[in-house]
Amino acid sequence: MAKAERIEINKKWCKGCEICVELCPTNALEMVDFKVAVKDLEKCIACMQCELRCPDFAIVVYKKEKE
Amino acid sequence: MAYDYAKYLRPGKLPHIWCAGCTYGIVLKSMIRAIDSLNYDKNDVVVTSGIGCCSRLPGYVDFNTLHTTHGRSIAFATGVKVANPKLKVIALGGDGDMTAIGGNHFIHACRRNIDITVFVFNNNIYGMTGAQYSPTTPKGAWATTAPYGMTENNFDITSLAIGAGASFVARTTAYHATHCEKMIKEALEHKGLSVVEIINACPTGFGRKNKFKTPTSMLLWMKDSAVNVEKAKNMSPEELAGKFTIGVLHKEEKPEYLETYDATVGLKK
Ligand SMILES: Cc1ncc(C[n+]2csc(CCOP(=O)(O)OP(=O)(O)O)c2C)c(N)n1
Ligand code: SF4
Ligand code: SF4
Ligand code: SF4
């Protein structure tokens with residue numbers, strides 16, 4: 001399973017629509033004060049669903065290079 | 001590796017004006033990836049729009065852009081293309097912009113088969129002005145101007161385009177962001193008038209009052225309702241009830257308007 005090295009969130013641009021949180025297949029994201037936050041990076045499988053469907057350019061997933 | 005959109009975005013313009021959960025931002029990203037994959041020179045790309053929420057899109061992208069008047073995206077695009085046929089001209093607009101006030105420009109551009117790429121952002125409503133019904137509002141749906149439910153029949157944009165003579169017609173959705181990118185790319189590569197109907201969600205104007213509690217539920221409606229056009233060929237009308245097809249619905253080679261024009265008036269041997 002692919003893993004993420006880090007997930008970058010631009011809190012200034014995030015509008016809190018929750019699309020990324022609700023589409024994440026592994027429940028790796030959560031809402032904190034109406035903005036998205038990483039709940040558990042270990043759970044992330046780097047499927048890129050959140051990044052692909054964020055309408056606000058606010059979440060970017062950096063995949064871990066294969067060891 | 002994460003895709004870097006910055007090269008195509010005008011600095012300092014984001015965040016965009018669209019509401020939380022408006023799917024136009026997803027399509028903007030698909031559009032940028034599609035144009036990038038074709039390696040066009042940014043200076044050769046022109047994007048025109050009319051008036052409406054989606055018509056604010058050109059303001060965010062670093063191409064030659066024209067934000068025009070309501071319904072006139074294609075009219076301005078036609079002028080640009082006639083003046084300089086080497087340019088890649090994209091005309092976009094909402095369902096209201098393209099099929100209500102701009103409906104005549106839409107059908108006549110299809111009829112002429114001029115080499116312009118048209119994107120109709122169909123969210124089934126007039127988003128910008130407060131959820132009045134448009135020609136694509138489904139029968140029975142709520143709109144501020146249809147408080148008891150829409151009573152009129154609605155347009156199928158792709159059938160309208162095919163009937164009017166467009167030589168490339170496709171449908172996709174904001175949910176299918178990668179498919180959307182592919183349809184946009186194919187439309188741009190096609191010579192002649194191409195139309196891509198892009199199903200979008202307006203959670204603020206349409207969703208809230210039509211039993212979609214969240215933006216995600218509207219995206220999941222697209223996921224559940226869209227059927228690939230090839231798969232649909234083997235499905236019965238019963239199986240297709242309540243669904244719509246996505247993919248390339250029509251593609252033909254036929255004379256392009258400007259080529260015919262030049263040949264007819266003797267500009268080209
Ligand atoms: C000549 C004219 N008539 C009416 C309007 C008001 N108006 C602004 S946007 C709009 C409709 C927008 O709906 P649509 O084209 O579907 O785009 P959306 O906002 O949903 O993206 C209308 C009627 C206008 N700006 N100009
Ligand atoms: S999809 Fe984008 S804008 Fe919406 S909550 Fe997630 S990061 Fe924020
Ligand atoms: S990349 Fe996939 S698994 Fe990781 S946070 Fe985004 S949606 Fe969830
Ligand atoms: S009103 Fe609707 S179409 Fe306009 S930005 Fe908001 S969600 Fe998008």
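Predicted model, so just to flag it, every value in this text is computed and none were measured. Chain naming here is simple, since letters A, B, ... match the order of the sequence lines and numbering starts at 1 in each. FYI, side chains are in, hydrogens and waters are out, and symmetry mates aren't considered; it's all heavy atoms of this structure.
Here the side chain of N154(B) pairs no donor or acceptor atom with the backbone of P135(B) at under 3.5 angstrom. Without hydrogens or angle criteria, S217(B) side chain to T214(B) main chain gives a donor-acceptor distance under 3.5 Å.
The pair E181(B)-K185(B) does not meet the salt-bridge criterion, since no charged nitrogen lies less than 4.0 angstrom from a carboxylate oxygen. Salt bridge status for K64(A) with E5(A): absent, with no side-chain N to carboxylate O gap under 4.0 Å.
Residues from residues 39-74 of chain B never place a non-hydrogen atom less than 4.5 Å from a non-hydrogen atom of chain A.
With a 4.5 Å cut-off on non-hydrogen atoms, L219(B) touches chain A through its side chain but not through its backbone. For a residue to count as touching a neighbouring chain, one of its non-hydrogen atoms must lie under 4.5 Å from one of that chain's; by this rule Y175(B) touches chain A with backbone and side chain alike. Within the 4.5 angstrom heavy-atom criterion, atoms from both the backbone and the side chain of C54(A) approach chain B.
Scanning both residues, E239(B) and K243(B), for their nearest heavy atoms gives O-CG, 3.8 Å.
Among the candidates I26(B), L28(B), T178(B), the residue making the largest number of heavy-atom pairs closer than 4.5 Å to chain A is I26(B). When each of A46(A), C20(A), G16(A), C17(A) is scored by its heavy-atom pairs under 4.5 Å with chain B, the top score falls to C17(A).
Ring to ring, W221(B) and F244(B) are close: their centroids are under 6.0 angstrom apart. Taking the six-membered ring where the residue is Trp, the centroids of Y3(B) and Y5(B) are separated by under 6.0 Å.
Note on ring orientation: taking the six-membered ring where Trp is involved, the planes of H16(B) and W18(B) are tilted (angle from 30° to 60°).
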